[in-house]
Amino acid sequence: MGITGKISADPGNSVSVPRIRAFINDSESDGIVRQALCDLGIEDVVVSTGNVTTAISALAKCPSPRLLIVDITGVEDPVANILELNDVCEPGISIIGVGKSNDIGLYRRLKNAGVIEYFFKPLVRDLITRSCHDVLTDRFDQPSLYSGKLVFFLGVRGGVGTTTLATNAALFQAEVRQRWTMLVDMDVQSGDSALIFDVATTDALREAFEHPERVDKLFLERGAIHASQRLNMLSSLEPLDSLIEGTEESITLLLENLVRRYRAVFVDLPVSAAAFLPQILKMPSTCVLIGNQSLSSARDLARWREFIGPNTRERRTVSVLNCNMAHGGLKPVDFARACGQAPEIYIPYDRKLAEASNFGIHAMQKCSSFRAELSHLLHEVMGEPLGKSRSLIKRIFHK
């Protein structure tokens with residue numbers, strides 16, 4: 001292969017991300033894995049003592065390698081651990097499992113959970129070498145089970161709190177759920193996402209619209225805004241008279257690239273653009289339709305549901321009644337009657353949130369009633385257990 005390198009015993013304080021990491025809990029298997037990787041001359045390899053639970057803890061705090069070898073020996077529920085490992089890793093990672101059990105049923109369950117191959121001990125050096133080579137040369141068919149989820153946040157009218165919900169939901173998913181998350185602010189001339197996070201915009205989003213084929217890991221490392229450890233953003237602030245040359249096809253390609261690289265891709269989609277992107281709204285996704293208590297919002301929620309069409313196995317809409325008006329407006333029962341159905345999520349008015357929204361993400365994090373409803377929204381959209389959200393939410397909102 002013409003690639004040479006050194007196998008490290010431990011990552012230490014290295015800044016670079018290794019191509020391969022291994023967590024092996026016995027010395028014999030450790031030696032065989034090291035020999036197999038040396039046979040390939042692979043660079044950027046880290047082999048550590050541990051198992052799948054060790055890998056979960058380590059990779060929850062750092063970027064994912066291209067290939068991960070994990071030991072499941074002695075683990076009570078290895079399939080559940082593999083699922084959890086997939087959740088904390090970036091999409092596109094390949095996982096090879098090793099263990100003591102020679103059980104075809106376990107093998108099938110591990111494959112269904114996202115493992116590309118499983119080997120039982122004692123390990124065979126040539127089999128490890130061949131599998132690693134196939135992964136790194138893209139000869140291994142990757143399972144599609146763990147592509148990311150695409151979520152559109154669409155306010156049916158301006159000023160209904162769409163960006164507030166999108167930014168807070170993205171931060172929750174990244175920091176509480178510990179999922180690699182991308183937030184895309186599609187309003188390239190007036191978007192407020194970067195302003196809320198108090199970060200500088202870049203021209204990466206415009207470049208991604210015009211050249212979506214360039215969106216790879218290196219592009220995202222250089223051009224995406226790193227809002228937190230696991231939250232990246234694409235947000236631009238182009239001149240008001242500028243013409244963006246992106247097409248619906250190029251935006252679709254961009255989003256397809258992103259869902260292969262992130263567990264969650266949240267898109268703040270301005271209503272002024274959404275009507276001209278009908279095929280994007282037909283992508284496998286969840287569209288969060290947001291309105292306030294006004295009669296016009298109720299009318300437009302119904303119109304947008306009709307425009308997007310009925311729910312399917314791959315795509316659905318979730319309606320949010322965001323009561324961001326201090327006085328007046330329809331009562332929930334009247335709102336439901338006016339728009340044809342009750343919204344799935346109701347976020348009550350919070351005066352503190354209205355005031356805090358002018359001071360950025362950290363000020364909004366202190367609003368307790370909003371936090372509680374936000375966890376319900378993420379439960380509805382991402383399908384993750386609600387109880388876990390409530391117990392972990394203090395990690396982000398009480399630092």
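Quick note: numbers below take in every heavy atom, side chains included, and nothing from hydrogens, waters or symmetry partners.
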Nearest heavy-atom contact between Gly99 and Ile72 is CA-CG1, 4.1 Å

Donor-acceptor pair between Thr181 and Gln173 side chains, under 3.5 angstrom: no

### Query
With the 4.5 Å side-chain cut-off for hydrophobic clustering, are Leu253 and Val188 part of the same group?
no

Separation between CG (Asn292) and CG (Asp300), nearest 0.5 Å, reads 10.0 Å

**Request:** Take Cys132 and Ile69, measure what side chain to side chain contact (heavy atoms under 4.5 Å, CB included) needs, and give me the verdict at the end.
**Result:** CA-CA 9 Å; Cys132 293; Ile69 304 172; 4.1 Å; yes

Heavy-atom nearest pair, Ala336 first then Ala342, reads CB-CA, 3.6 Å

Here the gap from Arg109 atom CZ to Ile82 atom CD1, rounded to the nearest 0.5 Å, amounts to 12.5 Å

Residues pairing under side chain to side chain donor-acceptor pair (under 3.5 Å) where one sits in residues 22-33, two or more places apart or in two chains, turn out to be Asn25-Lys121, Asp26-Ser29, Asp26-Lys121, Asp30-Arg34

- If only atom types and distance count, is the side chain of Asp187 paired as donor or acceptor with the main-chain N or O of Ser190 below 3.5 Å? yes

Heavy-atom closest pair (Thr49 atom, Thr54 atom, distance to 0.1 Å) is O-CG2, 4.2 Å

Between Leu231 and Ala174, the two heavy atoms sitting closest are CB-CB, 3.7 Å

Quiz item: Does the side chain of Leu289 reach to within under 4.5 Å of the side chain of Arg305, using non-hydrogen atoms?
Solution: yes

- Would you check if the side chain of Asn232 reaches a backbone N or O of Ala224 as a donor-acceptor pair within less than 3.5 Å? no

Applying salt bridge (Lys or Arg N to Asp or Glu O under 4.0 Å) to Arg108 and not counting sequence neighbours gives none

Rounded to the nearest 0.5 Å, the CZ atom of Phe197 sits from the OG atom of Ser235 at a distance of 10.0 Å

Scanning both residues in full, the closest heavy-atom pair of Arg263 with Cys89 reads NE-O, 2.8 Å

* Are Leu106 and Ile104 joined in one hydrophobic group, where the rule is that I, L, V, M, F, W and Y side chains link up if heavy atoms are under 4.5 Å apart? -> yes

More than 12 heavy atoms from other groups under 6.0 Å of CD on Glu213: yes

Checklist entry - Any side-chain heavy-atom pair from Met233 and Leu205 closer than 4.5 angstrom? => result no

Tabulate below the donor-acceptor pairs under 3.5 Å that side-chain atoms of residues 268-284 make, not counting sequence neighbours, or state none.
from: Asp268; atom 1: OD2; to: Thr163; atom 2: OG1; distance (Å): 2.6
from: Lys282; atom 1: NZ; to: Ile308; atom 2: O; distance (Å): 2.7

- Do Leu237 and Val199 belong together in a cluster built from hydrophobic side chains that touch within less than 4.5 Å? no

When rounded to the nearest 0.5 Å, the distance separating CZ of Arg261 from OG of Ser64 is 12.5 Å

The test is side chain to side chain contact (heavy atoms under 4.5 Å, CB included); show your working for Trp304 and Cys287 and say whether it passes. CA-CA 10 Å; Trp304 274 103; Cys287 183; over 6 Å; no

Rounded to the nearest 0.5 Å, the CG atom of Asp126 sits from the CD atom of Gln35 at a distance of 10.5 Å

Between Asn168 and Thr164 the two heavy atoms that sit nearest each other are ND2-O, 2.8 Å

So for atom CZ, which belongs to Phe120, do other residues, nucleotides or ligands contribute more than 12 heavy atoms lying within a distance under 6.0 Å?
no

Exercise for review: Look at the aromatic rings of Tyr107 and Tyr118 and report parallel, tilted or perpendicular, splitting at 30° and 60°.
Suggested key: tilted

Worksheet entry | Min side-chain heavy-atom separation Val160-Val320 under 4.5 Å | no

Practice prompt. Would you confirm whether Gln189, through its side chain, and Pro239, through its main-chain N or O, come within 3.5 Å as a donor-acceptor pair?
Written response: yes

Open item on the list: Within the supplied structure, the quantity of interest is the number of heavy atoms (other residues, nucleotides, ligands) at a distance under 6.0 Å from Asn311 CG; does it exceed 12?
Closed with: yes

Subject >> Check: Tyr262 and Arg230 side chains under 4.5 Å, non-hydrogen atoms >> reply: no

Practice prompt. With the side chain counted from C-beta on, respond yes when Leu68 and Leu85 share a heavy-atom pair under 4.5 Å apart, and no when they do not.
Written response: yes

Do the side chains of Asn81 and Glu84 get nearer than 4.5 Å, heavy atoms only?
-> yes

Step-by-step side chain to side chain contact (heavy atoms under 4.5 Å, CB included) determination, Arg130 to Asp134: CA-CA 6 Å; Arg130 188 181 312 132; Asp134 288 348; 4.0 Å; yes

Within-4.5 Å side-chain heavy-atom neighbours: Val45 and Pro18: no

Just so I know, are the side chains of Phe335 and Ser297 near enough to count as touching, which here means a heavy-atom distance under 4.5 Å? yes

One should read off an interatomic distance between Thr162 OG1 and Ile290 CD1, to the nearest 0.5 angstrom, of 4.0 Å

Measure from the side-chain N and O atoms of Lys149 to the backbone N and O of Val265, and report whether any donor-acceptor pair falls under 3.5 Å. no

**Report entry** Exam field: side chain Ser285 to backbone Val151, donor-acceptor pair closer than 3.5 Å
**Finding:** no

**Request:** Spell out, as yes or no, whether a donor-acceptor pair under 3.5 Å connects the side chain of Glu175 to the backbone of Phe172.
**Result:** no

Requested in this report: Indicate whether the side chain of Ser94 and that of Arg66 have a donor and an acceptor atom separated by less than 3.5 Å.
Outcome: yes

Query - Steps toward side chain to side chain contact (heavy atoms under 4.5 Å, CB included) verdict (Asn112, Val79) - result: CA-CA 9 Å; Asn112 289 335; Val79 175; over 6 Å; no

Does the Glu90 side chain pair with the main chain of Pro63, one donor and one acceptor, at a distance under 3.5 Å?
no

Q. Just by distance, do the side chain of Thr167 and the backbone of Ser193 share a donor-acceptor pair under 3.5 Å?
A. no

Requested in this report: Report whether Tyr346 and Leu301 are members of the same hydrophobic cluster (ILVMFWY, side-chain heavy atoms less than 4.5 Å apart, transitive linking).
Outcome: yes

